[in-house]
Undergrad: 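Handing you a structure now.
Since the model is a prediction, treat every value here as computed from it, not as a measurement. Each chain gets a letter, A, B and so on, in the order its sequence line appears, and its residues count up from 1.
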Amino acid sequence: MTQARDPKERSRIERYDPVSIEPRWQARWEELGLHRTDLDDTKNRYYLLTMYPYPSGDIHIGHWYIKTPTDAIARYQRMHGKNVFLPIGFDAFGLPAENAAIKQKISPRDWTMSNVANMRRQLRQMGATFDWSSEVVTSDPDYYKWNQWFFLQFLKAGLAYRANSPVDFCPNDGTLAREQVEGADRRCWRCGAKVEKRDLDQWYLRVTKYADELLDFSEIRFPDPIRMMQTNWIGRSEGGEIVFESAPSEHHPGGEEIRVFTTRPDTLFGATFMVLAPEHQLVGALTAPERREEVAAYVARAQVATEIERLSTDREKTGVAIGADAINPVNGERIPIFIADYVLATYGTGAIMAVPAHDERDFAFAKQFGLAVRQVVAPAGAEGEALSEAYVAHADDEALVNSGEFSGLPADEGGRRIVARLEEQGKGKPAVTYRLRDWLISRQRYWGTPIPVIHCDQCGIVPVPEEDLPVLLPDTVDYAGVGVNPLTRDEAFLNVKCPSCGGPARRETDTMDTFMDSSWYWYRYLSPDRADFPIDHDRVETWTPVQLYTGGAEHAVMHHLYGRMFTKMIRDLGMVRQNEPWRRVFNQGQILGADGERMSKSRGNVQDPDELVSKYGADTVRLFLMFMGPWDQGGPWSPTGMGGVYRFLNRVWALSLDPHYREPGDPDAGTLPDGQDEPAARAALRAAAHRTLRDVTADYEVFHFNTMVAKLMELTNTLFRYRGSSVAGVEDWDEAMRLVLLMLAPAAPHISEELWSRRLAARGEAWSSIHKETWPTVDETAAAESTREVPVQVNGKVRDRITVPADADSAAIEAAVLASPRIQQLLAGRAPDRVIHAGGGRLVNLVLRDG
RNA sequence: GCCGGAGUGGCGGAAUGGCAGACGCAGCCGGCUUAAACCCGGCGGCCGAAAGGCGUGGGGGUUCGAAUCCCUCCUCCGGCACCA
């Protein structure tokens with residue numbers, strides 16, 4: 001039998017050398033077309049999408065953290081007979097290319113494409129099963145042509161429009177969509193610069209049309225936090241729109257309608273003044289002559305203030321009276337009108353009825369300006385007391401007070417009745433307001449999709465005819481520096497004949513928000529070469545909605561919302577039938593630098609995966625990323641523990657290639673652990689393997705990769721205890737090893753392929769890839785235990801453990817418990833007052849009253 | 001301030017009403033080695049000599065039984081920023 005070996009024999013098995021194994025298998029898989037998906041085979045299709053990277057230059061560990069578990073899912077599903085499509089591409093337009101071009105004096109295209117080339121190489125190192133034949137690069141005219149085409153369809157359908165309005169403007173990046181302005185101090189999401197306001201003519205997509213529909217998540221499975229964030233972002237508020245009229249005065253005839261939106265129509269009797277946004281259209285018409293100067297000064301100041309700083313939300317309220325009154329439609333009362341910058345022009349109607357008794361902001365303003373506070377909602381018994389702060393709470397017993405004929409009604413009902421009354425009189429109606437804005441897509445940048453319109457002095461704005469698409473982005477342009485769009489000075493690009501009148505005209509120089517590109521790329525993946533249409537209708541019908549979309553949570557209210565909007569828009573154009581682009585979105589956590597900060601080159605905390613791969617191999621890096629914690633959690637990068645995963649793979653290697661090995665001098669060589677006999681040892685091996693298979697399968701299903709790896713380690717540790725024993729290498733051992741390799745295959749595809757091929761060779765069987773194997777099924781009989789340990793509690797504290805046959809019923813367990821000497825001692829002759837059998841005999845709790 | 005998530009050994013984490021700390025890292029002990037590394041085996045929450053007691057951010061509650069459910073407070077992370 002096996003015996004201690006000479007130390008020299010340690011090297012008798014080949015060392016695990018991932019660096020030589022991995023590229024070999026990667027080449028082989030590619031050669032065999034193992035990852036090429038037949039898109040016309042529509043059986044068992046599984047569209048697995050992972051966010052395409054921005055070609056910043058290098059793949060970093062964060063990309064691996066998203067993509068390698070995604071690949072494990074792809075491989076796992078293939079082993080279940082699924083026809084998995086896992087495409088990849090590059091989000092290749094955007095500002096960094098332009099900045100690099102200015103700095104390094106190379107063209108954004110060259111910079112981008114050389115990065116793409118490097119990242120393709122790095123992505124291949126992962127050993128991921130990307131189908132490169134469907135690759136999409138958004139800066140290719142073949143791709144962005146279709147952005148332009150979609151834009152023209154939206155224009156025709158009235159879903160795209162041009163408007164002059166104050167827009168958020170970054171000195172570096174130009175126009176930003178509302179979502180791209182971050183934080184209280186309003187900084188650019190990309191460069192962090194302070195965002196200003198500018199009045200500009202810009203292109204919008206009418207996505208507010210979908211506000212209500214976007215709140216319906218029934219056809220898409222998002223993580224809860226993302227759903228909440230989108231819901232908040234859309235910001236639906238229900239209430240009423242109420243029409244006040246301006247009161248007649250010596251300088252003004254009155255009768256001008258001023259509409260306000262309120263979520264609290266029940267407080268209408270408490271309106272003691274009105275506030276307009278400084279930008280409100282009626283400010284000019286309503287302001288009394290003697291107030292004009294002060295009002296104009298405030299309006300000017302407010303403009304500057306919004307441009308410069310609105311840091312604090314609890315700063316002092318400012319505003320000025322405009323010397324006019326409004327008439328409260330419910331009681332005919334005259335209330336003074338103010339302008340103040342705490343009322344936003346962009347929300348609701350840009351005007352509010354101010355109810356200081358029931359709104360904190362109005363209360364602060366009233367205090368500041370000595371205005372009346374009239375309470376109109378009060379909990380029972382609390383009427384008439386002076387308020388030291390706004391009463392905004394909701395009590396069950398509250399009712400309207402000081403509200404004319406509505407007094408005494410519960411607040412909710414009172415509010416509804418007030419709106420109903422006003423509606424009869426044509427002075428109000430129920431209304432809904434959203435925080436969501438239309439999507440502003442114009443960018444004053446070069447490296448993006450040119451917006452396909454032409455400005456003609458005679459004909460105005462003329463869409464580029466579809467047959468003239470794409471409007472090509474000129475490759476040779478002259479950069480003046482940051483903040484200047486070189487297209488505005490490119491005469492060859494600018495000058496064009498008007499498609500309508502043939503006269504001289506100029507091209508639009510704005511390009512599209514790159515979120516346009518990323519809002520439909522998964523449709524293009526299905527037919528990247530199709531020249532006559534953006535998407536292949538039949539394939540889109542059969543392959544989408546995407547089954548699972550993996551990527552970062554940082555896109556919760558941008559990409560994830562735009563993608564949904566875009567699908568709804570093209571659905572309304574009849575191009576797709578589904579309501580949502582993806583069935584399920586999974587957001588993995590973010591890997592931070594070792595310092596806990598976001599990884600970035602400027603902070604110098606970026607982890608380069610190439611370095612790790614050359615040291616440990618891709619399999620170890622993949623497995624480590626899955627093992628370090630729950631996938632949706634992320635966390636600061638720390639390579640501590642990488643060695644443990646590498647050790648684990650080495651142990652799998654050793655077990656697989658040399659089951660009989662024993663340490664020199666090991667006195668246990670050839671013997672079985674725990675005094676087991678051989679049949680018991682064989683059964684234990686099979687049981688361990690099949691229980692692990694059961695658990696690992698469940699973990700793969702729900703993406704619990706960290707525990708999946710832990711359980712494989714456990715099984716490996718068990719096998720190691722039998723290594724060199726009399727059951728090493730027997731049939732049951734061999735079956736366990738087979739299962740280990742199959743379970744490992746999705747996560748660590750190279751080593752499992754290598755060991756699989758050696759295993760086949762050793763058995764004299766012809767080679768075939770482990771990745772074409774079928775996922776094994778659990779043998780429940782083998783997995784079943786013959787005996788079971790039952791913890792015994794007394795009053796909830798574990799006092800003993802007893803071993804019973806696996807099929808023991810409660811009565812048998814109870815008898816065994818009461819027979820235990822330890823328990824008898826604790827009971828001291830008493831009978832338990834209650835015996836709890838928990839979880840189908842998993843645990844017994846004896847309850848004794850009064851100690 | 002509002003919305004959401006989280007808080008468990010020295011560290012990453014496991015357990016989602018039933019044995020707290022699986023698995024791994026770091027550490028300690030032993031084996032192998034001339035030696036070290038590698039490798040192999042073992043120990044490992046805290047207090048205590050032991051019996052035992054205490055222990056999942058703090059406090060309270062529900063339950064035979066709570067890391068897990070409820071209330072409340074604290075801390076950290078993400079999102080929003082006067083949204084009427």
Side-chain angles (χ1 to χ4, degrees), chain A residues 4 7 10 182-186 223-233 235 237 239 260-264 267 275 310-315 317 340-344 346-355 358-362 364-365 433-435 553-554 556-557 590 596 624 627-630 632-633 635-636 638-645 647-648 650-651 654 661-668 704 706-714 716-717 720-721 723-724 789-798 801 832-839 842-849:
Chain A
R10 281 185 174 215
E182 291 184 335
D185 53 346
R186 300 174 49 77
D224 282 356
I226 304 288
R227 211 182 54 230
M228 294 313 299
M229 278 156 83
Q230 291 205 357
T231 302
N232 291 344
W233 189 265
S237 290
V260 302
F261 172 74
T262 179
T263 54
R264 295 291 307 276
T267 64
V275 187
R310 296 180 65 173
L311 261 172
S312 171
T313 53
D314 51 27
R315 73 194 173 118
K317 293 282 180 284
D341 65 3
Y342 81 91
V343 173
L344 307 175
T346 50
Y347 184 78
T349 60
I352 62 160
M353 62 176 211
V355 185
H358 304 292
D359 182 278
E360 283 170 27
R361 296 150 302 177
D362 297 346
F365 191 87
T433 300
Y434 301 90
R435 218 184 78 107
E554 65 273 21
V557 289
Q590 196 172 21
F624 174 68
F627 181 60
M628 61 184 265
D632 56 3
Q633 190 175 295
S638 161
T640 316
M642 183 84 66
V645 172
R647 234 184 319 275
F648 161 63
N650 271 287
R651 282 158 74 89
Y661 182 79
R662 264 284 164 193
E663 281 301 312
D666 189 332
D668 293 334
H704 287 179
N706 56 331
T707 51
M708 178 276 286
V709 175
K711 281 157 192 164
L712 283 175
M713 286 175 166
E714 236 170 315
T716 307
N717 291 344
F720 235 85
R721 276 202 293 283
R723 191 181 181 213
E789 195 176 67
V790 179
V792 183
Q793 296 182 331
V794 176
N795 287 339
K797 288 189 170 139
V798 178
R801 287 154 216 281
D833 296 292
R834 236 180 115 183
V835 180
I836 312 273
H837 291 269
R842 263 208 314 281
L843 173 144
V844 172
N845 189 13
L846 306 178
V847 183
L848 287 169
R849 298 205 201 288

Undergrad: Between atom CE in A/Met229 and atom C1' in B/rC2, what is the gap in whole Å?
TA: 14 Å
Undergrad: Relative to A/Phe365, does A/Lys317 satisfy both conditions: NZ or CZ under 6.0 angstrom from the six-membered ring centre, and within 45 degrees of the ring's axis?
TA: no
Undergrad: Look at the side chain of A/Lys317 and the base of B/rC82, then say whether one donor and one acceptor between them are separated by less than 3.5 Å.
TA: yes
Undergrad: Let me know the distance between CG of A/Asn232 and P of B/rC80, rounded to the nearest Å.
TA: 10 Å
Undergrad: In whole Å, I'd like the distance from the CZ atom of A/Phe648 to the P atom of B/rG12.
TA: 23 Å
Undergrad: Take atom CZ of A/Arg227 and atom P of B/rG4, then tell me their distance rounded to the nearest Å.
TA: 11 Å
Undergrad: Could you state the CD-P distance from A/Gln793 to B/rU63, rounded to the nearest angstrom?
TA: 17 Å
Undergrad: When you compare the side chains of A/Asn717 and A/Arg651, does any donor N or O come within less than 3.5 Å of an acceptor on the partner?
TA: yes
Undergrad: Could you tell me which nucleotide pairs with B/rU34 by Watson-Crick or G-U wobble geometry, both distances under 3.5 Å, or answer none if nothing does?
TA: none
Undergrad: Report the distance from atom CG of A/Leu843 to atom P of B/rC64, rounded to the nearest whole Å.
TA: 15 Å
Undergrad: Nearest to the side chain of A/Met628, which nucleotide is it out of B/rA22, B/rG12, B/rG79?
TA: B/rG12
Undergrad: Using heavy atoms to find the nearest nucleotide of RNA chain B for A/Glu360 and A/Asn717 separately, return the residue whose nucleotide is more 5′.
TA: A/Glu360
Undergrad: If I pick the P atom on B/rG41 and the same atom on B/rG24, what distance separates them, to the nearest angstrom?
TA: 10 Å
Undergrad: For B/rG9, does the O4'-C1'-N9-C4 (purine) or O4'-C1'-N1-C2 (pyrimidine) torsion place it in syn, i.e. within 90° of 0, or in anti?
TA: syn
Undergrad: Given atom CD of A/Gln590 and atom C1' of B/rC77, what is their separation to the nearest angstrom?
TA: 12 Å
Undergrad: Which part of the nucleic acid does A/Lys797 contact within heavy-atom distance under 4.0 Å: base, sugar-phosphate only, or nothing?
TA: sugar-phosphate
Undergrad: At 4.0 Å (heavy atoms only), tell me whether A/Thr231 reaches a base, stays on the sugar-phosphate, or touches nothing.
TA: nothing
